[in-house]
Amino acid sequence: MNQNGDMSEKEIMNDVLSSQKQITATYNTYANECCAPSVRDEFLTLLNEEHQMQADVFSELQKRGWYQIESAEQQKIDQAKQKYQN
């Protein structure tokens, strides 16, 4: 936050990303626990839309250099693949 107490654009975008992660988690829970197929289908539609919004925000943060992702070493990838193939 700046001296005026306002959030920077980076802070706002990170807050939006965090909110989208929570929203998708909540819709996922509702879809999993829904008994009525038509309501479940609607939750799944909403879940898909929210995941797309989350992906858009995530991409924008990465594009601006505000969300750095570290690439995994090939050795660690191979170890994980081997672990879960067994």
Side-chain angles (χ1 to χ4, degrees):
M1 286 195 188
N2 63 25
Q3 292 176 348
N4 297 330
D6 297 331
M7 293 174 71
S8 69
E9 189 173 1
K10 179 180 177 181
E11 291 170 321
I12 292 169
M13 293 288 288
N14 276 303
D15 187 57
V16 170
L17 181 61
S18 179
S19 295
Q20 284 304 127
K21 289 177 181 180
Q22 184 61 45
I23 290 167
T24 56
T26 301
Y27 277 133
N28 190 55
T29 299
Y30 292 161
N32 285 336
E33 297 178 357
C34 192
C35 295
S38 62
V39 176
R40 181 180 183 274
D41 288 345
E42 189 60 34
F43 276 127
L44 291 174
T45 298
L46 292 168
L47 179 61
N48 187 50
E49 292 172 3
E50 294 298 334
H51 271 293
Q52 186 57 55
M53 284 187 261
Q54 184 272 333
D56 293 343
V57 172
F58 180 80
S59 293
E60 186 62 29
L61 282 162
Q62 280 193 304
K63 185 171 71 176
R64 295 179 185 204
W66 293 342
Y67 200 110
Q68 301 297 318
I69 300 298
E70 205 174 297
S71 296
E73 298 172 13
Q74 189 61 46
Q75 180 182 5
K76 289 184 179 183
I77 294 170
D78 293 341
Q79 287 172 348
K81 284 170 63 175
Q82 185 177 25
K83 176 181 177 181
Y84 292 106
Q85 285 176 344
N86 295 333

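The residues of the chain are indexed from 1 along the displayed sequence. Hydrogens, waters and symmetry mates are skipped; everything else that's a heavy atom, side chains included, is used.
His51 contributes atom NE2, which lies 11.5 Å from atom CG of Leu46 (distance to the nearest 0.5 angstrom). Rounding to the nearest 0.5 Å places CD of Glu70 at 10.0 Å from CD of Gln68. To the nearest 0.5 angstrom, Leu61 atom CG is 9.5 Å from Glu9 atom CD.
Using a 4.5 Å cut-off on side-chain heavy atoms (C-beta onward), Glu60 and Trp66 make no contact. Residues Phe58 and Ile69 have side chains in contact (heavy-atom distance under 4.5 Å, counting atoms from C-beta outward).
One N or O on the side chain of Asn14 and one on the backbone of Lys10 form a donor-acceptor pair closer than 3.5 Å. A donor-acceptor pair under 3.5 Å links the side-chain atoms of Thr24 to the main chain of Lys21, judged by distance alone. A donor-acceptor pair is defined here as one N or O able to donate and one able to accept, closer than 3.5 Å; no such pair exists between the side chain of Gln82 and the backbone of Gln79.
Of the candidates Gln54, Gln52, Glu50, Glu50 is the only one forming a side chain to side chain donor-acceptor pair (under 3.5 Å) with Gln20.
Contact record, Cys34 with Arg40: SG-N, 3.5 Å, taken as the closest heavy-atom pair.
Residues Phe43 and Ile23 share a single hydrophobic cluster, defined by chaining ILVMFWY side chains whose heavy atoms lie under 4.5 Å apart. No continuous path of ILVMFWY side-chain contacts below 4.5 Å connects Met53 to Ile12, so the two sit in separate hydrophobic clusters.
Side-chain atoms of Asp78 and Gln74 form a donor-acceptor pair, as typed in the model, at a separation below 3.5 Å.
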